[in-house]
Amino acid sequence: MALIGHVDAISRAEVSGWATNPDSPSTPAEVAILVNGEPRATVRADAPRPGLAANTHGAASDHCGFSFAFAPPLSAFHEWRIEVVDAATRETLRAGAHTLARPSRDGSATPAPIVVTSTGRSGTTLLMAELARNPAIVVADRYPYEIKQIAYYASVFRALTAAADRERSANPDTMLAPERLHIAGSNPFYMPGFFSLARPPARMRHFYESRVPAEYARLFRALILEFYDILRVSENKPEAPFFCEKGDIDDAARQGLRLFFPYVRELVVVRDPRDLLASAIAFWKGTPDHTLQMLKSTVPQLVAIHREQAPDALTVRYEDLILDPVGSRRAMATFIGVPLDHTLPPVENAAMAAHRTSRDPLSSIGRWRTDLTAQQIAACEEAFKDYMQMFDYQPTAGEATPPPMARPASAAQPAAPPAPAPALAGVALAG
């Protein structure tokens, strides 16, 4: 016989309710949690549920409750379809299906964001310095270009739209304590138990799940745009159609970018992992083993980003920026929608000189041949085998210098870019 029961709460943090088999109420039932149609967990319904036996006239016991916590909680940047079903029959429990919608966004945004995403030591600072001198692009122009408005507000959005977690986040009893002066957490009143304050409760659920996230997204976008409007004036680029920041490989930052802004251009920069290792060792002064472990936690994320084949992202190799300045800038210019000039003289000051760990960009390519031991090279090639194959980096038995990357980040065609500033009309791409 099918289970009877009720799902009391579905949120990005947890699912809870009760379930029992009326033919055998003393035997714990099992329910399955599905997320976007995929099984996430199977849970035994044997937790205390005082008074339930009396309320169901004996059809259920007082020990048929269940709960499941998502760890980590489901991201507010995505849409999730949650279903709670009988683990055996896959029949949905009462109130056991709910869609947690992605926050809505509206309107257009100018200037639009260009984000340069990569790991450290991949030439992003060099590229940012070049983009900062483009009349169509506003950059928070201070080396090493680490002012990340989007990543900051994405992290704030993630916290403020999360379901209540009074044990690990904001608690009404302590949220104003002096030691929490600079700490904000999830809303302690965003929990299904409070939805019943409204009639119908669905109105309160909609308020927390849809209205609040959408308003935060709108507010944060407006603040980011105002920040860059100030810079557009101060940099004498009042009509610049783009602003540019370094991005972050963290999913929250990349999804926040696309939630806040309807039009995005993301440049994903990759580099030979052996040169990446050599540069990271020299710059951060870490041991080779520790540095390799650090890269193992970041470099594979670039593979995942590339596999998304997002039409608003373009993969660019560091080596192509240096060895093929005309072709690489032409590809980026076509993708972004504004001319890029590869003939701009390099910017160099004491801070940027200290940022380099090789004589010049050209000598930074293939430095692994002299900077790494044979064991370190082998370990690096083994750790990043998929990455090297994906981005055409040859192992030690292959050719010495990688050829220009032939394929784009996405097979899809990018959407039409915003119109360039009037001052750029008729400017030809150099080279």
Side-chain angles (χ1 to χ4, degrees), residues 107-118 122-143 145 147-150 221 224-247 254 257-258 260-270 310-318 320-322 324-347 361 404-405 408-410 412-431:
S108 59
T110 303
I114 301 169
V115 172
V116 180
T117 300
S118 191
S122 294
T124 55
T125 299
L126 181 71
L127 183 56
M128 288 292 295
E130 182 177 319
L131 296 174
R133 289 174 286 165
N134 191 296
I137 303 171
V138 177
V139 173
D141 191 13
R142 183 171 296 175
Y143 169 87
Y145 310 102
I147 296 177
K148 300 180 180 182
Q149 296 287 309
I150 295 170
R221 180 177 66 187
I224 294 168
L225 289 176
E226 184 172 351
F227 176 87
Y228 282 103
D229 275 341
I230 293 171
L231 290 182
R232 283 206 291 186
V233 174
S234 64
E235 294 180 13
N236 197 27
K237 301 177 181 180
E239 302 298 326
F242 291 100
F243 70 89
C244 185
E245 293 186 353
K246 282 186 182 179
R254 299 186 67 247
L257 164 69
R258 289 162 173 82
F260 299 157
F261 294 94
Y263 184 88
V264 171
R265 300 285 87 174
E266 183 180 24
L267 299 173
V268 182
V269 184
V270 298
D312 58 6
L314 177 73
T315 297
V316 182
R317 293 196 317 179
Y318 171 80
D320 296 341
L321 292 174
I322 307 303
D324 184 20
V326 175
S328 60
R329 270 61 172 188
R330 180 175 289 118
M332 290 190 295
T334 300
F335 173 70
I336 296 171
V338 296
L340 299 178
D341 188 350
H342 79 281
T343 65
L344 288 171
V347 173
M405 187 173 172
S410 171
Q413 294 297 315
L424 294 175
V427 176
L429 178 65

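Please read these numbers as outputs of a predicted model, since none were measured by experiment. FYI, the numbering just counts along the sequence from 1.
- Summarising the geometry, atom CZ belonging to Arg133 is positioned 11.5 Å from atom CG belonging to Leu340; distances are rounded to the nearest 0.5 Å.
- Here CD of Gln149 is found 8.5 Å from CG of Leu231. Values are rounded to the nearest 0.5 Å.
- The backbone N or O of Ile150 lies less than 3.5 Å from a partner atom in the side chain of Glu245, making a donor-acceptor pair.
- Ion pairing between a basic and an acidic side chain is recognised when a charged N comes within 4.0 Å of a carboxylate O; Glu130 and Arg329 show such pairing.
- A distance of 5.0 Å separates OG in Ser328 from CG in Leu321, rounded to the nearest 0.5 Å.
- Residues Tyr228 and Glu235 bring no donor and acceptor atom of their side chains to less than 3.5 Å of each other.
- For the pair Arg265 and Phe242, the NZ or CZ position fails the cation-pi test of under 6.0 Å to the six-membered ring centre and within 45 degrees of the ring normal.
- Here CZ of Phe260 is found 10.0 Å from CZ of Arg221. Values are rounded to the nearest 0.5 Å.
- The main-chain N or O of Pro339 is found under 3.5 Å from a side-chain atom of Asn134 such that the two form a donor-acceptor pair.
- With no hydrogens or angles considered, no side-chain donor-acceptor pair links Lys246 and Ser118 at under 3.5 Å.
- In this structure Thr117 satisfies the side-chain hydrogen bond (donor to acceptor under 3.5 Å, both in side chains) test together with Glu266, sequence neighbours excluded.
- The aromatic ring centroids of Phe243 and Phe261 lie less than 6.0 Å from each other.
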